[in-house]
Chemist: 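Here it is, the structure, as structure tokens.
All values derive from a computational prediction rather than experimental measurement. Every number for a ligand or one of its atoms is a count from 1 in the order of the listing.
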Amino acid sequence: MKENKKEKILVTSALPYANGDIHIGHLVEYLQTDFWVRFQKMKGNECLYMCAADTHGTPVMITARTLGITPEELIEKNHKKHVADFSDFEVRFDNYYSTNSPENKEFSEEIYSHMVSNGHIESRFIKQFFCEKDEMFLPDRFVIGTCPRCGAENQYGDSCDKCSATYSSSELENPGCALCGTKPVEKESEHLFFKLNHFKEFLKEWVKDHTSKEVTNKLHEWLKDDLRDWDISRDAPYFGFPIPGKEGKYFYVWVDAPIGYMSSTKNWCDKNNRDFNEFWKDPGSKLYHFIGKDIVYFHTLFWPAMLRNAGYKTPDGVFVHGFLTVNGEKMSKSKGTFINARTYLDHLEPFYLRYYYACKLSSSMDDIDLNFDDFVTRVNAELIGKITNLASRGVQMLNKIDSTLGTVPEEGKALIQKAQEKAGAISRFYENRDFSKAIIEIRGLADLANRFFDQKKPWETIKTDPETTKGILTTVINMFRIIAVFLKPVLPSYCQKVENLMGEEPFNWDSHKVILENHRLKHFEHLAKRVAAKDVNKMIEASKEAPVSQQPEKAFKPEPLAPQIDFNDFMKVDLRIAKILEAEEIKEADKLVRLKIDIGLETRTIIAGIKQAYKAKDLVGRQIVVVANLQPRKMKFGTSEGMLLASGPGGKDIFLLAPDSGATPGERVH
Ligand SMILES: [Zn+2]
Ligand SMILES: [Zn+2]
């Protein structure tokens with residue numbers, strides 16, 4: 001990019017689905033997009049960050065139905081939560097809209113009409129599972145049955161969790177509707193297909209110049225063969241936009257989801273009196289999408305084809321990132337590493353994660369790992385120890401003289417110049433989304449400044465030579481200030497405190513060229529506190545309990561209420577608080593765990609079928625509720641002297657009942 005000409009840039013992150021919570025895996029994308037957009041804005045470019053809620057599709061419809069609300073109400077509820085999460089993580093969209101909007105309907109119909117008029121739509125009848133009880137066609141994810149490869153039960157209709165096989169739902173043995181369990185029937189229905197292969201030659205050329213080498217190589221594997229037709233229609237009932245002229249047919253959610261980028265822009269343009277075509281037709285402006293590697297196909301094949309066919313500009317770049325692992329593994333609910341944005345915010349400062357992700361992110365598709373030991377070390381040793389301490393030590397010492405910067409001595413000038421000369425390299429790293437490399441350079445500057453501070457020993461010279469000391473501190477504080485300018489895309493509110501301290505206007509990229517001399521500092525406000533490992537642990541504990549809506553498709557239908565009983569009947573059941581003293585997984589059994597529990601009056605052995613839901617070692621020390629007067633039951637692996645209370649359908653989905661803190665083993669529950 002040219003240094004002087006101001007660019008017009010439109011940037012998007014993938015639209016978060018309106019059915020669940022934002023978690024720290026999602027934030028890998030929103031934070032890096034935010035770093036990049038803030039950097040562009042600091043450079044003086046007009047850079048718009050557009051996003052929206054992805055609202056349509058079967059999961060939203062089903063979740064709403066289960067909750068007894070309308071899809072619109074569900075969307076609205078989650079919209080508020082998502083906006084609050086993003087805002088608290090300092091992700092600053094220029095517009096956050098919704099795909100369930102009049103603009104989006106209009107664009108979807110327009111883009112579809114071009115598909116039809118240019119001869120890229122074909123209609124065919126296909127067979128699909130249909131649930132006669134729910135009166136709907138079942139997407140693969142809504143069919144559950146036995147894996148045709150390995151025989152594992154209770155698997156989704158598209159892939160097996162156990163053996164990772166992928167298949168279509170018609171291959172499942174013993175298929176059942178995921179909503180009601182009924183055996184579905186195969187039924188024929190008309191579907192509309194987009195002939196993606198008509199765009200193959202265009203796409204072959206296009207991907208080379210608009211994605212990374214890594215992505216291009218992957219795409220060329222697909223582009224070697226003919227591209228498959230894309231089924232863009234779904235049958236009613238469906239939450240989405242009706243297809244014009246096709247009664248009972250709706251656009252598949254993936255048709256109108258990326259169009260949400262356009263409708264969010266349109267909505268922003270209307271509010272700001274700007275011309276939409278500046279961003280979506282003018283070849284002089286740039287369009288960039290940040291996406292995860294799981295949705296490459298949609299954004300680099302379907303999407304450019306749809307745009308080109310409808311006469312809009314195609315993306316200038318699609319930036320693809322990897323997934324997040326936590327402590328080296330896939331995020332896990334049972335390990336407490338499936339962490340919702342809100343749970344994080346309840347325990348930790350958002351800028352810790354912003355800094356940490358910046359330390360790890362590159363322009364490649366590699367996964368990034370959040371290791372919590374590393375997280376604590378990096379924040380405390382680098383961001384606080386190396387960087388923030390420059391300001392707190394320097395300013396507090398200067399305040400002992402007169403809170404006013406003096407002049408920078410020759411030696412200090414050379415140091416500051418070194419920092420200023422790094423601006424080009426750091427700027428290029430930001431531009432190329434090599435955030436980790438930008439941070440390494442910035443940290444290197446902090447090392448230089450710390451070395452200077454330690455060599456000059458201002459804490460000694462201050463006693464005898466305040467003027468020289470002032471020169472040293474002026475150098476160090478100017479170094480810190482330049483570091484803050486370079487960190488601003490990553491740490492906006494932290495840098496705002498630095499701007500306040502310096503008594504300056506908001507930094508832009510050129511602020512690094514300034515040297516502050518003979519300048520009175522404002523009141524020193526604490527910039528950042530250290531992260532405490534115990535808070536990280538609390539967050540992990542809280543995540544173990546937090547409801548995580550990762551698989552909302554397996555919708556829940558409560559069983560009918562049991563017949564009424566009187567109070568005496570209820571009191572016959574002796575429920576007690578118990579504490580788990582020991583827990584041991586029974587090797588020979590799939591589901592069983594042997595527990596030794598304290599029920600206040602005595603210790604008991606209970607054999608419980610919770611092995612798939614809980615690890616034995618995580619159970620020790622927990623309080624639970626047990627039926628204490630149930631007849632002991634002889635089982636293959638011993639006698640069970642009671643029953644613990646839990647809910648859930650079984651398998652991995654078992655949820656133990658626990659008292660609030662303060663309860664004591666032996667207390668009766670009533
Ligand atoms: Zn399998
Ligand atoms: Zn059903």
Side-chain angles (χ1 to χ4, degrees), residues 17-20 56-71 73-74 125-191 231 233-240 248-250 252-253 294 323 329-334 549-561 587 589-591 609 611-613 647-654:
Y17 198 49
N19 192 29
H56 291 150
T58 312
V60 161
M61 179 177 80
I62 298 299
T63 303
R65 192 191 284 177
T66 310
L67 295 172
I69 57 179
T70 64
E73 285 168 326
L74 175 69
F125 280 83
I126 60 164
K127 269 189 181 165
Q128 217 189 337
F129 275 132
F130 181 86
C131 174
E132 288 176 317
K133 197 166 162 209
D134 289 303
E135 294 182 325
M136 61 182 279
F137 282 97
L138 299 172
D140 285 347
R141 279 253 131 185
F142 286 79
V143 184
I144 284 184
T146 304
C147 168
R149 307 279 188 287
C150 76
E153 284 173 27
N154 230 353
Q155 299 302 319
Y156 285 116
D158 55 353
S159 65
C160 172
D161 281 346
K162 276 265 161 62
C163 73
S164 306
T166 58
Y167 39 77
S168 81
S169 56
S170 59
E171 296 173 66
L172 276 182
E173 288 165 34
N174 244 334
C177 166
L179 303 169
C180 69
T182 313
K183 190 176 157 66
V185 296
E186 280 199 318
K187 207 170 152 176
E188 220 173 42
S189 155
E190 185 192 10
H191 277 241
D231 184 352
S233 66
R234 292 295 182 268
D235 287 288
Y238 193 77
F239 182 53
K249 308 284 172 197
Y250 289 79
Y252 175 40
V253 55
D294 52 331
F323 296 142
E329 294 174 47
K330 225 172 114 177
M331 298 200 297
S332 139
K333 195 178 164 186
S334 63
S549 43
Q550 77 219 89
Q551 293 295 3
E553 294 93 341
K554 276 191 191 175
F556 165 71
K557 283 214 174 137
E559 61 183 88
L561 289 173
K587 275 204 197 76
D590 277 353
K591 294 183 177 166
K611 190 173 176 176
Q612 288 167 18
S647 70
K652 286 178 200 155
D653 293 322
I654 294 177

Chemist: Suppose you place the vertex at the Zn ion (ligand 1); what is the angle out to Cys160 SG and Cys163 SG, to 10°?
Modeler: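 Vertex at the Zn ion (ligand 1): approximately 110°.
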
Chemist: Do Cys147 and Tyr167 come within less than 4.5 Å of each other through their side chains, counting heavy atoms only?
Modeler: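 When only atoms from C-beta onward are counted, Tyr167 and Cys147 do touch, with a gap below 4.5 Å.
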
Chemist: Between Asp590 and Lys611, is there a side-chain N and carboxylate O pair less than 4.0 Å apart?
Modeler: no

Chemist: Can you find a pair of side-chain heavy atoms, one from Arg141 and one from Ser159, that are under 4.5 Å apart?
Modeler: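 Arg141 reaches Ser159 side chain to side chain.
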
Chemist: Would you say that Met61 contacts Met136 through its side chain, given a criterion of any heavy-atom pair below 4.5 Å between the two side chains?
Modeler: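 When only atoms from C-beta onward are counted, Met136 and Met61 do touch, with a gap below 4.5 Å.
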
Chemist: Under 2.8 Å from the Zn ion (ligand 2), which protein N/O/S atoms are there?
Modeler: Cys131 SG, Asp134 OD2, Cys177 SG, Cys180 SG

Chemist: What residue among Lys249, Lys127, Gln128, Arg234 forms side chain to side chain donor-acceptor pair (under 3.5 Å) with Ser189?
Modeler: Lys249

Chemist: Salt bridge (charged side-chain N to carboxylate O under 4.0 Å, His left out) with Glu188: which residues, sequence neighbours excluded?
Modeler: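 For Glu188, no residue satisfies salt bridge (charged side-chain N to carboxylate O under 4.0 Å, His left out) once neighbours in sequence are set aside.
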
